Amino acid sequence: MFNPAEFPEPTLVQVNGVELEVFEAGRENKGKPIVLCHGWPEHAFSWRHLMPVLAATGYHVIAPNQRGYGNSSRPTEVTDYDIEHLTGDLVALLDHYGYEDATFIGHDWGAFVVWGLTLLHPDRVNKLINLSLPYQERGETPWIEVMETFLGGDFYFVHFNRQPGVADAAFDANTSRFLRNLYRKNVPPASPEPGMAFINLAKAETALGEPVMSDSDLAVYVAAFETSGFTGGINWYRNLDRDWHQLADADPIIKQPALMIYGDQDFAIPRFERLAEFVPNVEVVGLDCGHWIQEEMPEETNQVILEWLERQGWSLSDK
């Protein structure tokens, strides 16, 4: 069983006008960077099973708590969490370490940021691996508008935007219960309840399914969010239409080698069947798990990632 005390000690790094809490492994592997980008409501700790394996393989592993999370800066302006700021943090992080480019791995919202980084700063990404969230086709209508039309006002993306502060308060008041109820696997199917699903989850007395992590690991998340609150992370959602506008002029085709890992039981996020139209050099893998892929199946996730990286090879930029 993983001991949370074995997770690396963080350093605080000044980038892009904020301070990021950064965890590293394999510093001796200078020149072979790989950056890990967590999702919501996560933490760099979500990569604890992957970091030592990548370091042992020869990578310099860099896992930031992105803005709004952990002990990283939590700006008060909602617009400080748009895709230009989030990807700008990663570009500045590469600059801090003296890297022209890196391989990026993202999960959930972290995957959205990695897709966006590759679109906005393609020269800084040499390869990318994303878990759970596939490439999002931009379409002709801003994303929140589309979701509101088809999924309604209680859908959490829409709710976060149309009722700011309501969900944050519910999560902050029930941090331990919310995270305990959220980080589950093999949850039995049930009819949708009225109201906003995540707020219902934060208030539910009983956790369904099975936990995806030990109590000691979950305690790391609980302690982090009891300190940071949830507003910073939720502000990422509140910029989705702004992100849509900021991505307007980007070439929508991602040319870098890419690996997309789905959880086959993640019914909330369907596969994007036209992924190869936008990411022609993509390889797709499905694992028999839900949304929390690297938590539910850490060994299998590590194996898929390492085998793909080995097939790609790697080359150092001339520096």
Side-chain angles (χ1 to χ4, degrees), residues 1-10 21 23-25 36-56 61 63-66 68-72 105-111 129-133 156 171-172 174-188 197-198 200-230 233-234 261-269 286-306:
M1 183 179 294
F2 180 83
N3 178 359
E6 296 173 0
F7 198 65
E9 288 294 317
E21 181 182 26
F23 301 83
E24 291 178 76
L36 311 181
C37 301
H38 65 77
W40 179 87
E42 290 187 303
H43 187 280
F45 187 71
S46 64
W47 300 111
R48 63 195 176 281
H49 302 294
L50 181 58
M51 290 180 69
V53 175
L54 289 174
V61 187
N65 269 331
Q66 298 178 83
Y69 289 86
N71 291 314
S72 294
I105 304 180
H107 173 247
D108 182 81
W109 256 109
I129 299 170
N130 278 326
L131 285 64
S132 297
L133 187 78
Y156 68 107
F171 302 155
D172 288 345
N174 301 279
T175 299
S176 180
R177 181 184 297 172
F178 174 53
L179 294 174
R180 178 203 67 182
N181 292 346
L182 182 66
Y183 280 104
R184 312 295 288 187
K185 60 183 178 180
N186 300 325
V187 176
F198 280 134
N200 294 342
L201 201 63
K203 297 179 178 180
E205 295 286 348
T206 304
L208 303 177
E210 307 160 30
V212 302
M213 66 181 90
S214 68
D215 289 345
S216 59
D217 285 357
L218 181 62
V220 174
Y221 288 79
V222 172
F225 281 98
E226 284 179 342
T227 298
S228 69
F230 288 86
I234 292 174
I261 304 176
Y262 290 103
D264 289 338
Q265 308 305 318
D266 186 0
F267 302 116
I269 301 181
L287 293 177
D288 186 21
C289 62
H291 182 70
W292 313 109
I293 295 175
Q294 72 272 35
E295 301 273 11
E296 295 181 46
M297 301 185 73
E299 293 180 3
E300 294 84 351
T301 304
N302 290 353
Q303 182 178 357
V304 168
I305 289 173
L306 289 179

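Since the model is a prediction, treat every value here as computed from it, not as a measurement.
- Between His107 and Trp292, the ring planes lie tilted relative to each other; the angle falls in the 30° to 60° range.
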Checklist entry - Please walk me through it: do Lys185 and Cys289 pass side chain to side chain contact (heavy atoms under 4.5 Å, CB included)? => result CA-CA 8 Å; Lys185 60 183 178 180; Cys289 62; over 6 Å; no
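- A 4.5 Å side-chain heavy-atom check between His43 and Tyr69 finds every atom pair outside the cut-off.
- You'll find the side chain of Ile305 reaches within 4.5 Å of the side chain of Ile261, heavy atoms only.
- Among all heavy-atom pairs drawn from Ser228 and Gly70, the shortest one is CB-O, 3.7 Å.
- Evaluation of the side-chain hydrogen bond (donor to acceptor under 3.5 Å, both in side chains) rule for Asp215 yields no partner, not counting sequence neighbours.
- Residues Arg177 and Glu205 meet the side-chain proximity criterion, which asks for heavy atoms closer than 4.5 Å.
- Once rounded to the nearest 0.5 Å, the distance linking CG of Leu201 with CG of Leu179 reads 9.5 Å.
- Of all heavy-atom pairs spanning His291 and Asp266, the tightest one is ND1-OD2, 2.8 Å.
- Arg184 has its side chain within reach of Pro211: a pair of non-hydrogen atoms, C-beta onward, lies under 4.5 Å apart.
- Listed by chain and number, the residues in a side-chain hydrogen bond (donor to acceptor under 3.5 Å, both in side chains) with Glu226 amount to none (sequence neighbours excluded).
- In this structure, OG in Ser46 is found 8.5 Å from CG in Asn65, a value given to the nearest 0.5 Å.
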Checklist entry - Going through the checks in order, is the side chain to side chain contact (heavy atoms under 4.5 Å, CB included) test met by Val61 and Phe23? => result CA-CA 8 Å; Val61 187; Phe23 301 83; over 6 Å; no
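- When atom types are taken as modelled, the side chain of Glu210 and the backbone of Asn186 share no donor-acceptor pair closer than 3.5 angstrom.
- Ile234 CD1 to Asp172 CG: the interatomic distance, rounded to the nearest 0.5 Å, is 7.5 Å.
- Between Leu182 and Phe198, the closest side-chain pair of non-hydrogen atoms falls below 4.5 Å.
- Arg48 has a carboxylate O that lies under 4.0 Å from a charged side-chain N of Glu295, or vice versa, which qualifies the two as a salt bridge.
- Under the 4.5 Å side-chain criterion, counting only non-hydrogen atoms from C-beta, Leu50 is in contact with Ile105.
- Rounding to the nearest 0.5 Å gives a distance of 10.0 Å between CG of Leu287 and OG of Ser132.
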Next on the checklist: Is there a ring-ring contact (aromatic ring centres under 6.0 Å, His included) between Phe171 and Phe225? Walk through the geometry before answering.
Outcome noted: CA-CA 9 Å; Phe171 302 155; Phe225 281 98; 9.6 Å; no
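- At a threshold of 4.5 Å between non-hydrogen side-chain atoms, the residues Met213 and Tyr221 count as touching.
- Residues Pro41 and Tyr183 approach most closely at O-OH, 2.8 Å, considering heavy atoms.
- Between His49 atom NE2 and Asn302 atom CG the span is 8.5 Å, to the nearest 0.5 Å.
- Side-chain N or O atoms of Thr301 include one that pairs as donor or acceptor with a backbone N or O of Met297 at under 3.5 Å.
- Listed here is the closest heavy atom pair of His38 and Ala44: CD2-N, 3.8 Å.
- Distance check, rounded to the nearest 0.5 Å: CG of Leu133 to CH2 of Trp40 gives 14.0 Å.
- At least one side-chain heavy atom of Leu36 sits less than 4.5 Å from a side-chain heavy atom of Leu54.
- Across Val212 and Glu296, no two heavy atoms sit closer than the pair CG1-CG, 3.7 Å.
- Across all their heavy atoms, Pro188 and Gly209 have their closest contact at CD-N, 3.9 Å.
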